[in-house]
Amino acid sequence: MLKGIDIGGTFVKVLWEDGRKQKYPLGELKEDKERYLERLAEVILEGSPKGVGIAVAGFTSKEGVVAYSPNIQVLNGVNIRELCATHGVECVIGNDVTVGAFGEWYHDHRDARVLTFVAVGTGLGGGLVIGGAPYDGVSGTAMEIGHHTIVVNGWQCNCGRMGCWEAYCSSYGLVKMYTTLGGENTRDYEIIERAKRGEETALRAVEEFKKYLTVGLMNLVHILNPDRIVLGGGVIEGMGDLIGDIEERVKKVAQDLPGSAVRISFSKAGEFAGARGALALIKQRIADS
Ligand SMILES: [Zn+2]
């Protein structure tokens, strides 16, 4: 049987072909490289899968090496494909949002010719699927859209640059919007709940968030001319109806021709989006071979 694995900063999530889901709190071991890798290998091999698809939150090379993962530094430089190969397991590896984008196409949007997946959570990630094939550039790192500059000399981003899209559209961006408007320093989901209850400052923060989300999506529409944009990630899911008008807003500011071609919808995959995409990727790899 095949399985998809999503290696995140806190949990490693597994989705089996028969629908079984598992969550492992590997984040606890992040300070101990040897133990972490030992446990990761166990999770990958558990149940003797025939093949595994692996999604990693970070920059992954085409050779299967995690070049850099800001939230799982213990994986930096680790060759995951080799780790699987030494145990005789076939595997495919990719960035979690690129892989998640493939899952969106594979499960819900086979009709899309150019599909863009935008996930807003702790950070902001993007993935692109063209004609049913994930597009990951020359080095495997395409679509780092969270770090396209949206305001020159703007807010500090977690990547060290200033004014990235992620600095505004992410959990920490939303918190900064709220505190800048005079709200207290609290968690992103609490701000969203307050907005849903009608608190004025929280509603204004969400409105600011939507302004930046709209501009970033407009940029994507102008650069990629997609027919489908799927929005996902914890912050987007939490907002629900609060951002129900995002397609309308993007169409209003984008050029008519690419604007009229795009549909914007919301992911149904939830927190297993990466694992679902990873499973789809290995299924297709096995089917093609
Ligand atoms: Zn950045």
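In this structure, Glu17 does not pair ionically with Lys50, as no charged nitrogen and carboxylate oxygen lie closer than 4.0 Å. Between Glu207 and Arg249, at least one side-chain nitrogen of the basic residue sits less than 4.0 Å from a carboxylate oxygen of the acidic one, meeting the salt-bridge criterion. Electrostatic pairing of Glu166 and Lys176 does not count as a salt bridge here, judged by no charged N lying under 4.0 Å from a carboxylate O.
Contact check for Glu208 versus Lys211: side-chain heavy atoms found under the 4.5 Å cut-off. Side-chain contact between Ile130 and Leu224: absent, with no pair of heavy atoms (C-beta onward) separated by less than 4.5 Å. Side-chain contact between Met239 and Val206: present, with at least one pair of heavy atoms (C-beta onward) separated by less than 4.5 Å. Looking at heavy atoms from C-beta onward, Trp105 lies in side-chain contact with Arg110 at the 4.5 angstrom threshold. Looking only at side-chain heavy atoms (C-beta outward), Trp165 and Leu213 come within less than 4.5 Å of each other. Looking at Arg228 and Arg113, their side chains never come closer than 4.5 Å, going by heavy atoms from C-beta outward. Side-chain contact between Phe266 and Glu237 is absent, with no heavy-atom pair separated by less than 4.5 Å. Residues Ile150 and His148 have side chains in contact (heavy-atom distance under 4.5 Å, counting atoms from C-beta outward).
Note on Ile80 and Val65: separate hydrophobic clusters, where clusters join Ile, Leu, Val, Met, Phe, Trp and Tyr whose side-chain heavy atoms are under 4.5 Å apart, directly or indirectly.
Between the side chain of Asp227 and the main chain of Val114, a donor-acceptor pair closer than 3.5 Å is present. The backbone N or O of Gln255 lies less than 3.5 Å from a partner atom in the side chain of His222, making a donor-acceptor pair. Judged by distance alone, the side chain of Ser69 and the main-chain N or O of Ala57 form a donor-acceptor pair under 3.5 Å. Not a single donor-acceptor pair under 3.5 Å links the side chain of Ser170 to the backbone N or O of Ala167. The backbone N or O of Gly9 sits less than 3.5 Å from a side-chain atom of Lys30, completing a donor-acceptor pair. Side-chain atoms of Ser265 do not come within 3.5 Å of backbone N or O of Val230 as any donor-acceptor pair.
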Test salt bridge (Lys or Arg N to Asp or Glu O under 4.0 Å) on Arg197 and Glu193 and set out the steps.
-> CA-CA 6 Å; Arg197 291 200 299 267; Glu193 284 314 308; 5.2 Å; no

Going through the checks in order, is the side chain to side chain contact (heavy atoms under 4.5 Å, CB included) test met by Val129 and Glu104?
-> CA-CA 9 Å; Val129 179; Glu104 292 297 330; over 6 Å; no

Would you please test Asp108 and Arg276 for salt bridge (Lys or Arg N to Asp or Glu O under 4.0 Å) and show each step?
-> CA-CA 11 Å; Asp108 295 326; Arg276 186 180 80 151; 3.3 Å; yes

Carefully, step by step, assess Ser61 and Glu63 under the rule side chain to side chain donor-acceptor pair (under 3.5 Å).
-> CA-CA 5 Å; Ser61 79; Glu63 291 74 36; 3.3 Å; yes

Which is it for Glu42 and Arg39 under the salt bridge (Lys or Arg N to Asp or Glu O under 4.0 Å) test, yes or no, and what are the steps along the way?
-> CA-CA 5 Å; Glu42 282 170 16; Arg39 188 72 191 106; 2.7 Å; yes

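Taking every heavy atom of both residues into account, Leu257 and Ser260 meet most closely at O-OG, 3.0 Å. The heavy-atom pair separating Val262 from Lys251 by the smallest distance is O-NZ, 2.7 Å. Between Ala55 and Asp96 the shortest heavy-atom distance is CB-CA, 3.7 Å. Minimum interatomic distance between Arg285 and Cys91 (heavy atoms only, all atoms of both residues): NH1-O, 4.2 Å.
For the 3.5 Å distance criterion, the side chains of Glu199 and Tyr178 qualify, holding a donor opposite an acceptor.
Here the OH-CD1 distance, from Tyr24 to Ile7, works out to 12.5 Å after rounding to the nearest 0.5 Å. Here Ile145 contributes atom CD1 and Phe117 contributes atom CZ; the two are 10.0 Å apart, rounded to the nearest 0.5 Å. We find the NE2-CZ distance between His109 and Arg263 to be 10.0 Å, quoted to the nearest 0.5 Å.
Ring orientation note: the planes of Tyr168 and Trp155 are close to parallel, at an angle under 30° on the 30°/60° scale.
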